[in-house]
Amino acid sequence: MKTNEKSMKSVKNDKIVKRGWMVLFVMIVVGLSGCKNPAPDKSAVSVKPVYAIAIHGGAGVILRENLSKELETAYLAVLDSALTVGEQILAKGGASMDAVERVIRIMEDCPLFNAGKGAVFSHEGYNELDAAVMDGSNLMAGAVAVVRNVKNPISLARKVMTNSSHVILSGKGATEFAREQGLEIVDSTYFFTERRWMDLQKAIAKEKENKFGTVGCVALDKAGNLAAGTSTGGMTNKRWNRIGDTPIIGAGTYANNKSCAVSGTGHGEFFIRYTVAREIAALMEYKGMTVRKAAEEVIINRLKPAGGEGGIIAVDKDGNIALVFNSPGMYRGMANSKGEHKVAIFGDK
Ligand code: ASP
């Protein structure tokens with residue numbers, strides 16, 4: 001009896017051990033197959049954006065109390081739609097340079113910004129436009145200055161880059177080149193807006209130069225190429241065919257696949273003397289700074305104490321974006337493949 005009980009017990013034990021091995025075997029198989037085919041880790045997928053874009057519509061003394069609710073809504077709406085157009089180009093695999101040009105053309109055609117249609121007046125009562133683009137993949141660049149009759153100076157800057165052997169063209173020669181390239185030429189009255197004309201009268205009365213409202217765009221595309229573009233009417237009441245930082249490569253506009261793409265806005269003379277855009281790229285390249293740290297170093301720590309008001313937008317080769325300004329506000333926006341998309345005006349939002 002006892003022996004029988006013993007043998008039954010041992011059979012039972014055998015069964016338990018066998019079942020244990022089976023469970024272990026199944027666990028190992030499941031575990032191994034799990035190693036071969038890991039479930040998609042959503043947090044890992046979203047670490048680095050495959051494309052990114054930032055825009056600005058000028059920096060300056062932009063305070064909530066000075067901007068009507070209607071104007072604020074109008075600015076945010078244009079920023080948002082321009083940003084969305086750029087984002088869609090990049091999402092479809094389009095080139096960063098195409099996104100930059102398209103976005104800036106939209107802002108040039110909008111009278112709210114100091115570029116294209118809404119450009120400010122010079123002391124002599126002209127609208128003299130500056131613009132530049134730079135391709136970070138090959139360091140090619142194109143720029144135009146003191147252009148009075150070209151509807152979209154950003155497209156002319158791009159033509160200078162791709163269809164001429166020069167980097168900067170100016171004045172009548174630039175317009176002649178635009179005509180040859182088949183770009184739209186407009187009568188100078190196209191650029192007349194009441195708002196900017198009144199700004200000039202006020203600036204003349206105060207014997208001051210004013211700025212703000214320049215537009216810019218920087219982008220990283222899916223191929224890993226960076227591009228930057230900036231377009232402006234310059235400073236209200238500027239004289240003697242003054243040229244600002246916008247068309248000066250390395251001052252108001254710069255792009256290099258090794259570091260970042262930058263577009264600036266603010267008091268141009270300071271941006272030229274502090275080679276703002278290139279300085280940010282150089283701090284990244286030689287000192288290993290992040291794009292945000294580099295931008296803060298230049299805009300906050302160097303430019304501000306010197307009296308240079310303004311800001312920049314930048315995107316680096318990994319899709320990180322910096323929107324940095326030392327003025328009360330900057331019309332701005334950013335979007336990327338991670339689904340981030342926002343526009344803002346004031347210092348706090
Ligand atoms: N930077 C431009 C210039 O000095 C002006 C601006 O950004 O508002 O021409």
Side-chain angles (χ1 to χ4, degrees), residues 54-62 75 79 104 107-108 110-124 126-134 143-148 153-154 157 168 170-171 191 193 195-196 199-200 202-203 208-218 228-254 262-280 295 298-299 303-304 306-314 323-332 345:
I55 61 173
H56 73 73
V61 188
I62 310 162
Y75 271 111
L79 287 170
I104 292 182
M107 295 170 95
E108 283 178 339
C110 170
L112 289 176
F113 301 103
N114 172 19
K117 172 69 186 154
V120 300
F121 285 92
S122 70
H123 183 75
E124 298 84 8
Y126 296 110
N127 306 98
E128 297 181 337
L129 314 173
D130 297 343
V133 293
M134 187 161 184
V144 292
V146 203
V147 164
R148 291 183 182 170
I154 198 70
I168 309 183
S170 67
F191 298 107
T193 58
R195 183 180 173 209
R196 298 302 188 200
D199 284 348
L200 173 64
K202 279 185 230 152
K208 267 182 88 178
E209 268 185 358
N210 285 327
K211 49 198 171 289
F212 313 132
T214 293
V215 306
C217 180
V218 292
T230 317
S231 181
T232 188
M235 314 255 292
T236 303
N237 205 21
K238 63 188 179 182
R239 301 182 84 167
W240 306 297
N241 298 140
R242 175 259 192 194
I243 297 170
D245 59 309
T246 296
I248 308 296
I249 301 306
T253 310
Y254 188 74
V262 183
S263 170
T265 170
H267 197 152
E269 279 67 14
F270 287 86
F271 278 65
I272 294 171
R273 292 195 286 116
Y274 283 77
T275 57
V276 164
R278 170 63 194 154
E279 190 78 348
I280 292 168
V298 176
I299 300 297
L303 216 57
K304 194 175 180 184
E309 193 178 32
I312 62 93
I313 52 168
L323 311 168
V324 177
F325 49 101
N326 63 31
S327 48
M330 181 167 85
Y331 300 105
R332 61 197 185 278
I345 299 176

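Since we're looking at a predicted model, the values are computed, not measured. Indexing begins at 1, ligand by ligand and atom by atom, following the structure's order.
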* Judged by atom type as modelled, is there a donor-acceptor pair below 3.5 Å linking the side chain of N326 to the main-chain atoms of G310? -> yes
* Which ligand 1 atoms are under 4.0 Å away from a heavy-atom of T265? -> 6 (C), 7 (O), 8 (O)
* To do: Below 4.0 angstrom from a heavy atom of D245, which ligand 1 atoms are there? Numbered from 1 as shown, please.
  => 1 (N), 2 (C), 3 (C), 4 (O), 9 (O)
* Please name the residue in the list T214, T230, T253 that meets the side chain to side chain donor-acceptor pair (under 3.5 Å) test with S263. => T230
* Would you say R242 touches ligand 1, if touching means a heavy atom closer than 4.0 Å? -> yes
* Asked: Below 4.0 Å from any atom of ligand 1, is there a heavy atom belonging to G266?
  -> yes
* Please determine if G268 has a nitrogen or oxygen closer than 3.5 Å to a nitrogen or oxygen of ligand 1. => yes
* Asked: Less than 3.5 Å between some nitrogen or oxygen of T214 and one of ligand 1, yes or no?
  -> yes
* **For T193 against K117, the heavy-atom pair lying closest together** => CG2-O, 3.8 Å
* If every non-hydrogen atom of T246 is compared with every non-hydrogen atom of T232, which pair is closest and at what distance? -> OG1-CG2, 3.2 Å
* Structure fact -> With sequence neighbours left out, the residues meeting ring pair (Phe, Tyr, Trp, His ring centres under 6.0 Å) with Y331 are Y75
